[in-house]
Q: 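Below are the structure tokens for one structure; questions will follow.
Positions are given from 1, in the same order as the sequence printed here. Here the structure is a predicted model, which is why all the values come from computation and not from measurement.
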Amino acid sequence: MNRIFLLVVSLAMVCLTSCQFSENIYINEDGSGKMEFSMDASELMQMAGEKMKEDGTERMDSTIVFKDFLDEKRDSISKLPQEDQDKLKALENFKMHMLMDTETSVMKFDLLTDFKDAGELQDMFQAMNSVGNMQGEGGMKPADASNPFSSLGSNSATDIKYTFKKGVFKRSAKIIDTELHQQAMDSLSSMEMMFATSNYTLNYHFPKPIKSVSNEAAMFSDDRKSFTLEVNFMESLKNPALLDVEVILED
């Protein structure tokens, strides 16, 4: 599993410049649910598929359970600073699924977790930043500037919160460290053209029809129990509040 995991991380780091990103939330009547962060790197597969065939890689469909992986790497984790240990501990309830098929030119990564309450949700990029730290000979290393997930993640710069109370769902983001946020944007400035066609999409699903969504750009499903909101990826990094939404469900 270690070999597969490192391949997942390596490919994910490469595909950051060729991906479409989506944040998918499914909420049940009692407020529990499931969250998926998805990266679609099929564009990269179209470019690299033939090379991967030559290397003997044609299809891979794998799921990594982070609890098992963290158990396997517990000795390495114990040597990290407590702050880094805590970040990795937050991944314990996550799973990562990777589908890679050179014949159909599909490459997708999904990071999934269940939750009992929307307030439990962490920023998925922060989780991906922790994933990016699991590499190298020892299998672990603290975050640093060379980790692209560290630049993309909200980490300490941005705070993203989710709530679902009395039929009202909210996603709110704010920059809490402007200097750190600017450093992250500066580190990505040379790659801005590469991200030009990448989007970040919210796909939210609810147990009841939606009465209203605060963002007028949201597109409803036919049954009005879900909506989609799409924003340019780089713009969402520069201004995280672009993805703020308040969703009011019908009684």
Side-chain angles (χ1 to χ4, degrees), residues 1-26 32-45 48 52 57-74 76-77 80 84-102 104-116 120-143 146-155 160 162 198-205 233:
M1 186 181 73
N2 192 40
R3 181 186 66 82
I4 295 174
F5 178 82
L6 293 177
L7 176 61
V8 169
V9 172
S10 298
L11 290 173
M13 291 169 70
V14 171
C15 85
L16 282 170
T17 58
S18 307
C19 278
Q20 300 300 321
F21 304 88
S22 61
E23 180 183 303
N24 312 302
I25 294 180
Y26 303 81
S32 65
K34 178 175 69 174
M35 187 177 196
E36 300 174 350
F37 176 80
S38 298
M39 296 190 296
D40 187 339
S42 297
E43 180 181 341
L44 178 64
M45 178 60 83
M52 296 178 73
T57 302
E58 294 189 4
R59 179 179 171 83
M60 181 179 292
D61 190 344
S62 301
T63 298
I64 296 169
V65 178
F66 279 99
K67 186 178 187 305
D68 296 341
F69 186 87
L70 294 175
D71 285 344
E72 178 186 338
K73 293 296 181 181
R74 59 182 178 275
S76 298
I77 294 173
L80 294 174
D84 291 319
Q85 292 187 44
D86 292 342
K87 290 178 180 179
L88 295 171
K89 177 69 174 178
L91 283 172
E92 190 172 40
N93 294 324
F94 281 83
K95 297 179 182 179
M96 177 180 274
H97 175 249
M98 182 184 76
L99 174 61
M100 185 173 63
D101 192 325
T102 57
T104 58
S105 296
V106 171
M107 184 186 290
K108 293 183 178 180
F109 306 87
D110 299 300
L111 188 66
L112 311 92
T113 188
D114 295 322
F115 59 87
K116 295 180 180 179
E120 298 175 2
L121 292 171
Q122 64 172 314
D123 171 24
M124 297 297 275
F125 271 132
Q126 182 174 330
M128 290 304 294
N129 175 58
S130 296
V131 172
N133 294 336
M134 297 184 191
Q135 50 185 307
E137 185 66 29
M140 300 294 305
K141 71 171 186 177
S146 67
N147 178 1
F149 291 110
S150 182
S151 297
L152 297 175
S154 68
N155 268 3
I160 299 180
Y162 305 82
S198 294
N199 293 314
Y200 193 99
T201 304
L202 303 184
N203 296 302
Y204 289 178
H205 307 262
F233 179 60

Q: Can you find a pair of side-chain heavy atoms, one from F69 and one from L91, that are under 4.5 Å apart?
A: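 Heavy-atom side-chain distance check fails, nothing below 4.5 Å.
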Q: Restricting to non-hydrogen atoms, name the atom on M107 and the atom on M100 that form the minimum distance, rounded to 0.1 Å.
A: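 Looks like CE-SD, 3.9 Å.
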Q: Please examine the side chains of F66 and T113, heavy atoms only from C-beta on, and report whether any two atoms are closer than 4.5 Å.
A: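 Result no, sub-4.5 Å side-chain heavy-atom pair not found.
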Q: Would you please classify the geometry between the Y200 ring and the F37 ring as parallel, tilted or perpendicular, with 30° and 60° separating the classes?
A: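 Tilted: the ring planes of F37 and Y200 meet at 30° to 60°.
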Q: Hey, what do you get for CG (L111) to CZ (F94), rounding to the nearest 0.5 Å?
A: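 Between L111 CG and F94 CZ, I get 5.5 Å after rounding to 0.5 Å.
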Q: Look up atom OH in Y162 and atom CD1 in I160, then write down how far apart they are to the nearest 0.5 Å.
A: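 Y162 atom OH to I160 atom CD1 measures 5.0 Å (nearest 0.5 Å).
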Q: Once rounded to the nearest 0.5 Å, what's the spacing between atom NZ of K34 and atom CG of N24?
A: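 Output value for this atom pair is 9.0 Å.
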Q: Ignoring hydrogens and angles, tell me if any N or O in the side chain of E23 forms a donor-acceptor pair with the backbone of L202 under 3.5 Å.
A: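 The answer is no, because no donor-acceptor pair under 3.5 Å joins these two groups.
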Q: Rounded to the nearest 0.5 Å, how far apart are CG of D68 and CD of E92?
A: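 D68 CG to E92 CD: 10.0 Å, rounded to 0.5 Å.
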Q: Is there a side-chain contact between H97 and L112, using heavy atoms and a 4.5 Å cut-off?
A: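 Yes, side chains in contact.
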Q: If I compare all heavy atoms of Q85 with all of L80, which pair ends up nearest, and what's the gap?
A: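 Q85 and L80 have their closest heavy atoms at NE2-O, 2.8 Å.
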Q: So which heavy atom on F115 is nearest to which on M35, and how close?
A: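 In this case the closest contact between F115 and M35 is CE2-N, 4.0 Å.
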Q: Which heavy-atom pair separates S198 from F21 by the least distance, and what is that distance?
A: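 It is CB-CE1, 4.4 Å.
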Q: How long is the gap from CD on E36 to CG on D114, to the nearest 0.5 Å?
A: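 One finds 9.5 Å between CD of E36 and CG of D114.
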Q: How long is the span from the NZ atom in K89 to the NZ atom in K67, to the nearest 0.5 Å?
A: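 These two atoms lie 7.5 Å from each other.
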